[in-house]
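Chain naming here is simple, since letters A, B, ... match the order of the sequence lines and numbering starts at 1 in each.
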There are 2 protein chains.
Amino acid sequence: MKKEIPLLNNMNPAANTDFEKYEQKFKALADQQRLQIINILALKESVCVCDLTPIIDMPQSKLSYHLKILLEADLIQKEKRGTWNYYSLNVKELKGLLSDQLCCVFLPSCC
Amino acid sequence: MKKEIPLLNNMNPAANTDFEKYEQKFKALADQQRLQIINILALKESVCVCDLTPIIDMPQSKLSYHLKILLEADLIQKEKRGTWNYYSLNVKELKGLLSDQLCCVFLPSCC
DNA sequence: AAATTACATCAAATAATTTTGATGTTAGGA
DNA sequence: TCCTAACATCAAAATTATTTGATGTAATTT
């Protein structure tokens with residue numbers, strides 16, 4: 001049961017903006033475990049799930065779930081190479097979302 | 001049942017950072033209705049709840065609930081004047097969190 | 001071809017968040 | 001003092017998100 005959020009008057013630059021889109025992206029960011037995943041991806045450039053599992057203390061299906069949420073929010077990307085799935089940050093998207101300050105915190109390679 | 005998120009190695013700049021803190025802030029942002037509230041506050045500078053209620057289609061207790069979440073995340077501020085409670089954005093905090101691009105979307109006064 | 005590795009997906013259980021309507025509190029006015 | 005307006009808070013109900021363990025699938029190895 002999705003509720004409609006009424007738009008504001010057209011004096012408002014955000015009137016036509018999709019709050020929904022940002023809701024999804026912030027939801028994806030709003031979890032310590034996913035922030036940690038982002039953080040690891042930022043350090044390692046591109047990582048397969050098999051490398052992630054031992055680092056991050058999480059059952060595999062759970063990790064898969066969280067990766068999917070990040071993927072659907074377009075904050076990370078997936079690339080299949082043989083048997084492996086490599087994940088990497090969508091740095092452009094993240095930079096469009098986060099302040100420089102925050103980028104420095106979570107995406108050390110940015111600084 | 002809060003789970004501990006294991007810290008990363010100390011090569012990692014975010015190792016000692018409180019993911020918890022950012023989780024809270026992103027959670028506060030991760031809701032269309034709260035984004036709308038932020039958006040209205042950005043337009044109006046400082047608004048009492050009684051002015052907000054007719055604009056935003058929401059029962060009063062619900063509005064109060066969402067304002068509290070934004071307040072606890074330190075994204076907005078509250079000032080009591082007589083019977084009225086005036087809310088305003090914590091622009092500094094928001095700027096420290098959001099990219100310039102996003103600030104422009106949600107906080108039109110920034111651009 | 002069978003077995004194994006590296007995942008994704010699913011359904012049920014659990015937990016967290018949001019919504020609602022009722023009630024509480026405080027300040028100001030009659 | 002009593003009444004009302006402007007909120008906040010509370011507890012129960014409804015909704016949504018997360019966790020878990022099991023199962024499915026595709027690629028690789030043997």
Would you mind reading off the distance between [X] atom [atom1] and [N] atom [atom2], rounded to a whole angstrom?
{"X": "B:Tyr65", "N": "C:dA16", "atom1": "OH", "atom2": "P", "value": "13 Å"}
{"X": "A:Leu29", "N": "D:dA17", "atom1": "CG", "atom2": "C1'", "value": "16 Å"}
{"X": "A:Glu23", "N": "D:dT16", "atom1": "CD", "atom2": "P", "value": "11 Å"}
{"X": "B:Tyr86", "N": "D:dA8", "atom1": "OH", "atom2": "P", "value": "13 Å"}
{"X": "B:Leu63", "N": "D:dA6", "atom1": "CG", "atom2": "P", "value": "14 Å"}
{"X": "B:Gln33", "N": "C:dT18", "atom1": "CD", "atom2": "P", "value": "9 Å"}
{"X": "B:Glu79", "N": "D:dC7", "atom1": "CD", "atom2": "P", "value": "13 Å"}
{"X": "B:Leu52", "N": "D:dA8", "atom1": "CG", "atom2": "P", "value": "11 Å"}

Selection from [options] that lies nearest to any side-chain heavy atom of [X]:
{"X": "B:Lys62", "options": "D:dA17, C:dT19, C:dA6", "answer": "C:dT19"}
{"X": "A:Thr83", "options": "D:dT28, D:dT20, D:dC7", "answer": "D:dT28"}
{"X": "B:Arg34", "options": "D:dC7, C:dT18, C:dA8", "answer": "C:dT18"}
{"X": "B:Ile69", "options": "C:dT18, D:dT19, C:dA8", "answer": "C:dT18"}

- Query: Below 3.5 Å, does any donor atom in the side chain of A:Ser61 face an acceptor in the base of D:dG21, or the other way round?
  - Reply: yes

- Base C:dA8 to side chain A:Gln60, donor-acceptor N/O within 3.5 Å cut-off: yes

- Item | Exam field: side chain B:Arg34 to backbone B:His66, donor-acceptor pair closer than 3.5 Å | no

OP1, OP2 of [N] versus side-chain N and O of [X]: anything below 4.0 Å?
{"X": "A:Asn85", "N": "C:dA6", "answer": "no"}
{"X": "B:Lys78", "N": "D:dA8", "answer": "yes"}
{"X": "B:Lys68", "N": "D:dA8", "answer": "no"}
{"X": "A:Lys27", "N": "C:dT17", "answer": "no"}

- Task: Using a heavy-atom cut-off of under 4.0 Å over every strand shown, decide if A:Tyr87 touches base, sugar-phosphate, or nothing.
- Result: sugar-phosphate

- Message: Over all strands shown, is B:Arg81 touching base, sugar-phosphate only, or nothing at heavy-atom distances under 4.0 angstrom?
- Response: nothing

- Query: Looking at A:Phe19 versus B:Phe106, is the centre-to-centre ring distance below 6.0 Å?
  - Reply: yes

- Message: Counting C-beta onward and ignoring hydrogens, is there a side-chain heavy-atom pair between A:Lys25 and A:Glu93 closer than 4.5 Å?
- Response: yes

- Query: Are the side chains of A:Cys50 and A:Trp84 in touch, meaning some heavy atoms are under 4.5 Å apart?
  - Reply: yes

- Message: If the test is side-chain contact (heavy atoms from CB on, under 4.5 Å), which one of B:Leu29, B:Leu89, B:Asn90 qualifies with B:Leu75?
- Response: B:Leu29

- Message: Can you work out whether A:Trp84 or A:His66 has the more 5'-proximal nearest nucleotide on DNA chain D?
- Response: A:His66

- Message: Check A:Glu79 with A:Arg81, please: is the shortest side-chain N to carboxylate O separation under 4.0 Å?
- Response: yes

